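Structure record follows, encoded as structure tokens.
Along the sequence shown, residues carry numbers from 1. All values reported here derive from a predicted model rather than from experimental measurement.
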Amino acid sequence: MSDGYSNFKKTDDICEGVCGKQGSRAALTISRLRCMLRGYDIRTYIFVFVIIPPAIFGLYLHGQKISYFLRPLWESPPKPFIELPHYYHDNITMETLCNLHGWKVREFPRRVFDAVLFSNEIDMLMIRWNELYPYVTQFVLLESNSTFTALLKPLLFARNKDQFKFVEPRLTYGTIGGRFKKGENPFVEEAYQRFALDQLLRLAGIEDDDLLIMSDVDEIPSGHTINLLRWCDDTPPVLHLQLRNYLYSFEYLIDNKSWRASVHRYKKGRTRYAHYRQSDLILADAGWHCSFCFRYISDFIFKMKAYSHTDRVRFAHFLNSKRIQDVICRGSNLFDMLPEEYTFKEIIGKMGPIPHSYSAVHLPAYLLNNAEKYKYLLPGNCVRERG
């Protein structure tokens, strides 16, 4: 054995042959990678290079769906409403109707104020106001030049005001400038505009014990529901309205679970215009909610960009006109989302396109009296105009 240091460490025949030698940068990189991966079997390579990349891409594409499907694991359903039976027939007196609900008939009806924030739902506003016209004392409408997402928008109601001359003597119309704070949570701008609507209601002359309808333009209470509530005493001070829930038109009935519309007996200093749950009581079968019920494809695109849930537009192709038209006719979801439910049974039961409904019974009278003008809202007419 010679003097000096001797190295008896075992060598790796693969790495020994390539590591430390001169060569091109690419060759050295591949050689070092082979050295690093030595000892891993073929199953590991398949997992790392074949399974993981598609899984990551799948999470990117469908992460929101996975989150919604697993919602029942971490979120409990809200407290159920106490559902009040709703009685109605054309040939029953108002005294009998009030008695059927456990209320007493009044000597004269309460005044009714219908207040809305307006964006671009011209047709739905026309149907709403014609449905409620015989029973509303004052229509109150606030319009902003800003969407909830801080996009500049035209004052569409002001441009189309001539179409609504029939309500002009009973209309309180106001405008408000947007704050245009980019990057702000859209619900902040929404709350700002709803607060301004409170001020406009006071200018409209609302007083204690008047009825105030709080709902979006496309959440339409039936006229007979409002007539019932204005003629009956001992009604709840705050009552939510259960609406038939439609999407795109009255051909696609989702369910009967729309609940955000509400009617309040106004109390100065206490009643605040809002669009969230304010009572445990809900009156059954009290009207219609027709979401994304637009004549023009351009209006679909505008709303998708403008409303508070703009984060749902996850990919640019969601706004493609051809895709939107196809989604409407299939009754699918514009945002490629799963149903927002709290149990696996309800989520699975509502997966896939909404079934077509061919019933046009018990829809707003103005809609049916003008069926040719609004045929896109009726069964069998899913094709939209470009706009």
Report yes or no: do T149 and T147 form a side-chain donor-acceptor pair below 3.5 Å?
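Looking only at side-chain atoms, T147 and T149 do form a donor-acceptor pair, the distance falling under 3.5 Å.
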We want to know whether Y173 and E143 form a side-chain donor-acceptor pair, criterion being a heavy-atom distance below 3.5 angstrom.
yes
For the side chain to side chain donor-acceptor pair (under 3.5 Å) test, which of Q242, H289, E346 pairs with K257?
E346
Quick one: closest heavy-atom pair of [X] and [Y], and the distance?
X    : Y    : answer
L84  : L239 : CD1-CD1, 3.8 Å
L142 : A196 : CD2-CB, 3.7 Å
L367 : Y374 : CD1-CB, 3.5 Å
L241 : T225 : CD2-CG2, 4.2 Å
P364 : I127 : CB-CG2, 3.8 Å
K165 : P169 : O-CD, 3.9 Å

Measure the acute angle between the ring planes of [X] and [Y], then classify it against the limits of 30° and 60° as parallel, tilted or perpendicular.
X    : Y    : value
F300 : F292 : parallel
W259 : H240 : perpendicular
Y252 : Y248 : perpendicular
F318 : F315 : perpendicular

Measuring from atom [atom1] of [X] to atom [atom2] of [Y], what distance do you get when rounded to the nearest 0.5 angstrom?
X    : Y    : atom1 : atom2 : answer
F118 : L155 : CZ    : CG    : 10.0 Å
L253 : C290 : CG    : SG    : 10.5 Å
W103 : L97  : CH2   : CG    : 10.0 Å
L197 : H275 : CG    : NE2   : 12.0 Å
Y296 : N120 : OH    : CG    : 12.0 Å
L151 : E189 : CG    : CD    : 10.5 Å

Side chain of [X], backbone of [Y]: donor and acceptor closer than 3.5 Å?
X    : Y    : result
K153 : S144 : yes
E341 : P77  : no
S258 : R244 : no

Can you list the steps and then say if R330 with D326 is a salt bridge (Lys or Arg N to Asp or Glu O under 4.0 Å)?
CA-CA 6 Å; R330 286 189 289 110; D326 181 60; 2.8 Å; yes
Side chains of [X] and [Y]: does their closest heavy-atom pair fall under 4.5 Å?
X    : Y    : answer
Q193 : R179 : no
P72  : K345 : no
R111 : Q138 : no
I297 : E385 : no
C293 : L377 : yes

Ring pair (Phe, Tyr, Trp, His ring centres under 6.0 Å) with Y342: which residues, sequence neighbours excluded?
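By the ring pair (Phe, Tyr, Trp, His ring centres under 6.0 Å) rule, Y342 matches no residue at all.
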Is there a path of hydrophobic side-chain contacts, each under 4.5 Å between heavy atoms of I/L/V/M/F/W/Y residues, joining I328 to V383?
no
Determine, using the 4.5 Å side-chain heavy-atom cutoff (strictly less than), whether W231 and I213 are members of one ILVMFWY cluster.
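W231 and I213: one cluster.
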Would K375 and E372 count as a salt bridge (Lys or Arg N to Asp or Glu O under 4.0 Å) if you check the C-alpha gap in whole Å, the side-chain angles of each, and the deciding distance to 0.1 Å?
CA-CA 5 Å; K375 65 180 181 181; E372 185 59 31; 3.7 Å; yes
Do the charged groups of [X] and [Y] touch, with an N to O distance under 4.0 Å?
X    : Y    : result
E219 : R260 : no
K350 : D255 : yes
D210 : R110 : no
E121 : R128 : no
R106 : D233 : yes

Residues, nucleotides or ligands: over 12 heavy atoms within 6.0 Å of K267 NZ
yes
Run Q278 and Y276 through side-chain contact (heavy atoms from CB on, under 4.5 Å) and show every step you take.
CA-CA 6 Å; Q278 302 175 73; Y276 50 76; 3.9 Å; yes
Checking D336 against R314 for the side-chain contact (heavy atoms from CB on, under 4.5 Å) test, could you report, in this order, the C-alpha distance in whole Å, the side-chain angles of both residues, the deciding distance, and whether it holds?
CA-CA 9 Å; D336 194 26; R314 293 174 291 126; 4.2 Å; yes
Going by side chain to side chain contact (heavy atoms under 4.5 Å, CB included), D114 matches just one of Y135, Y133, W129. Which one?
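Exactly one option meets the side chain to side chain contact (heavy atoms under 4.5 Å, CB included) with D114, and it is W129.
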Residue pairs passing the side chain to side chain donor-acceptor pair (under 3.5 Å) test where at least one lies in residues 86-100, sequence neighbours excluded
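Those involving residues 86-100 are Y88-D90, T93-T96.
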